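Note sheet for the following structure.
Numbers here are sequence positions counted from 1. All figures in this text were calculated on a predicted structure; none of them were measured in a lab.
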Amino acid sequence: QVQLVESGGGLVQAGGSLRLSCAASGRTFSSMGWFRQAPGKEREFVAAITWSSSRTYYGDSVKDRFTISRDNAKNTVYLQMNSLKPEDTAVYYCAAGRRGDSYTYIDSWTSWGQGTQVTVSS
């Protein structure tokens with residue numbers, strides 16, 4: 001049974017940092033990613049990474065502030081979030097099991113975690 005478990009969310013002041021983790025069990029995934037969903041908004045793409053970590057992809061709103069990485073030995077993907085802004089407040093979801101060519105399309109991903117709340121205060 002495939003399971004993705006996120007951790008690391010919390011409350012942080014603007015300008016601060018957080019690191020999210022997503023541990024996968026049940027199988028390994030060639031690509032893993034992060035999405036987020038703020039209240040009243042659609043879920044949006046944040047970042048994705050390939051198995052070898054040779055390629056990473058970022059949403060425009062987080063580029064140059066967030067860094068995605070993975071530890072294949074631990075079957076875990078990370079999201080380092082720096083220079084956080086109040087508009088980064090959202091539930092962050094881990095995604096895995098990508099199919100097709102798109103990294104940013106929600107329906108491209110077959111497995112999802114339960115989400116972890118990130119709140120950035122001004």
Below 4.5 Å, heavy atoms only, C-beta onward: do I68 and F66 meet side chain to side chain? no
Counting N and O atoms only, with roles assigned by atom type, does the side chain of R98 sit under 3.5 Å from a partner on the main chain of G100, one being a donor and the other an acceptor? yes
So S61 and E44, do their side chains get closer than 4.5 Å, heavy atoms only? yes
N/O donor-acceptor pair under 3.5 Å between R55 side chain and T50 backbone: no
Linked, directly or transitively: V46 and Y78 (ILVMFWY side chains, under 4.5 Å): no
Nearest non-hydrogen partners of S17 and S83, listed with the distance: OG-N, 4.4 Å
Between S54 and S52 (side chain of the first, backbone of the second, donor and acceptor by atom type, cut-off under 3.5 Å), is there such a pair? no
Can you tell me how far the CD atom of Q117 sits from the OG1 atom of T89, to the nearest 0.5 Å? 7.0 Å
Is there a chain of hydrophobic side chains (I, L, V, M, F, W, Y, each step under 4.5 Å between heavy atoms) that links V118 to V77? yes
Got a donor-acceptor contact below 3.5 angstrom from the T56 side chain to the I49 backbone? no
Hey, are the side chains of L4 and F29 touching, using non-hydrogen atoms and a 4.5 Å cut-off? yes
Smallest heavy-atom separation, S122 atom then A14 atom, equals CA-CB, 4.4 Å
For the residue pair M81 and V12, establish whether any side-chain heavy-atom pair is separated by less than 4.5 Å. no
Joint hydrophobic cluster, V91 plus L18, side-chain heavy atoms closer than 4.5 Å: no
Using modelled atom types and a 3.5 Å cut-off, is there a donor and acceptor pairing between side-chain atoms of T110 and backbone atoms of G97? yes
Shared hydrophobic cluster, W51 / W34 (ILVMFWY, side-chain heavy atoms < 4.5 Å): no
Got Y93 and C22 here, is their nearest side-chain heavy-atom distance under 4.5 Å? no
Atom OG of S7 and atom CZ of R19: how far apart are they, to the nearest 0.5 Å? 9.0 Å
Between V5 and Q3, the two heavy atoms sitting closest are CG2-CG, 3.9 Å
First locate atom CG of D88, then atom CZ of R65, and finally report the distance between them rounded to the nearest 0.5 Å. 4.0 Å
Within the distance-only criterion (no hydrogens, no angle test), does the side chain of Q1 pair as donor or acceptor with the backbone N or O of G26 below 3.5 angstrom? no
Looking at R27, is its backbone amide N or carbonyl O close enough to the side chain of N75 to form a donor-acceptor pair, meaning the two atoms are under 3.5 Å apart? yes
Where do K63 and Y58 come nearest, in terms of heavy atoms and distance? CE-O, 3.7 Å
4.5 Å side-chain heavy-atom contact, M32 and C94: yes
Can you name the closest pair of heavy atoms from T104 and F35 and give their distance? O-CE2, 3.5 Å
Audit row: V62, R36, side chain to side chain contact (heavy atoms under 4.5 Å, CB included) steps and yes/no: CA-CA 11 Å; V62 306; R36 67 185 183 186; 3.8 Å; yes
Test log, rule side chain to side chain contact (heavy atoms under 4.5 Å, CB included), inputs Q13 and L84: CA-CA 8 Å; Q13 288 189 331; L84 282 161; over 6 Å; no
If you compare all heavy atoms of A90 against all heavy atoms of A38, which two are closest, and at what distance to 0.1 Å? CB-N, 3.8 Å
Once you measure the plane-to-plane angle for Y57 and Y103, does it fall in the parallel (<30°), tilted (30-60°) or perpendicular (>60°) bin? parallel
